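Here's the structure we're looking at; comments come further down.
Here the structure is a predicted model, which is why all the values come from computation and not from measurement. Chain letters run A, B, ... following the sequence lines, proteins first, then strands; residues in each count from 1.
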Number of protein chains: 2
Amino acid sequence: MPEYRAELRVHLRTGVLDPAGEAVQASLRHLGFAAARVEVGKLLTVDLTAGSPEEAEAAVHRMAKELLVNPVLEDYVLEVHAR
Amino acid sequence: MPEYRAELRVHLRTGVLDPAGEAVQASLRHLGFAAARVEVGKLLTVDLTAGSPEEAEAAVHRMAKELLVNPVLEDYVLEVHAR
């Protein structure tokens, strides 16, 4: 079966507090960098086999729903490429 | 000054152990999903102002070097967009 690599970019939803992002922003300021905002999100890379790109995408959406993403706090963008 | 959004996709270098990725892979397997590999990386979003896209990119490369990325363990891909 063809092999695919899925990249899930997981962002915090608007309005959700991001203490990690604020800590990084404060450290950057300390080093003399001015960043208006920093967000610390997750980048999940999943290698899988599937019958087609559509099947791979559907499988990773199910993984996101069942485990990888917390829909109350996070949303995500999914990209799937053949390997 | 123009506003930019930089997205840093931080991956673990090849050969670096990724216990978080292995844990996620095991949990996926437990749920009936077959993933050949899972990697848990970081997705850093930095909003900043700069004179040009090139200046914004150069600033975020410096931030990566000085704080955001550990070059022994990680590498990264940077994308900068005007906001």
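Considering only heavy-atom pairs separated by less than 4.5 Å from chain B, the leading option among A/Val60, A/Leu68, A/Leu28, A/Thr49 is A/Leu28. Chain A forms the most heavy-atom pairs under 4.5 Å with one residue out of B/Leu48, B/Leu8, B/Val40, and that residue is B/Val40.
Proximity to chain B (any heavy atom under 4.5 Å) is restricted, for A/Ala34, to the backbone atoms N, CA, C and O. Proximity to chain A is limited to the backbone of B/Val10, based on heavy atoms less than 4.5 angstrom apart. For B/Arg5, the part sitting under 4.5 Å from any heavy atom of chain A is the side chain, from C-beta outward, and nothing else. Using a 4.5 Å cut-off between heavy atoms, B/Glu7 touches chain A through its side chain atoms alone. If you measure heavy-atom distances from B/Ala59 to chain A, the contacts under 4.5 Å come from the backbone alone.
A/Met1 and A/Tyr4 sit in two unconnected hydrophobic clusters of ILVMFWY residues. Membership requires side-chain heavy atoms under 4.5 Å apart, directly or through other members. If you chain together hydrophobic residues whose side chains sit under 4.5 Å apart, B/Val38 and B/Leu12 never meet in one group. Hydrophobic clustering (ILVMFWY, side-chain heavy atoms < 4.5 Å, transitive): B/Leu31 and A/Leu78 are in one cluster.
Taken to the nearest 0.5 Å, the CG atom of A/Asp47 stands 9.5 Å off from the CD atom of B/Gln25.
Nearest heavy atom pair, residue A/Leu67 against residue B/Ser27, reads CD2-CB, 3.6 Å.
Side-chain contact between A/Leu43 and B/Arg9 is present, with at least one heavy-atom pair separated by less than 4.5 Å. Put simply, the side chain of A/Thr45 reaches to within 4.5 Å of the side chain of B/Arg37, judged on heavy atoms.
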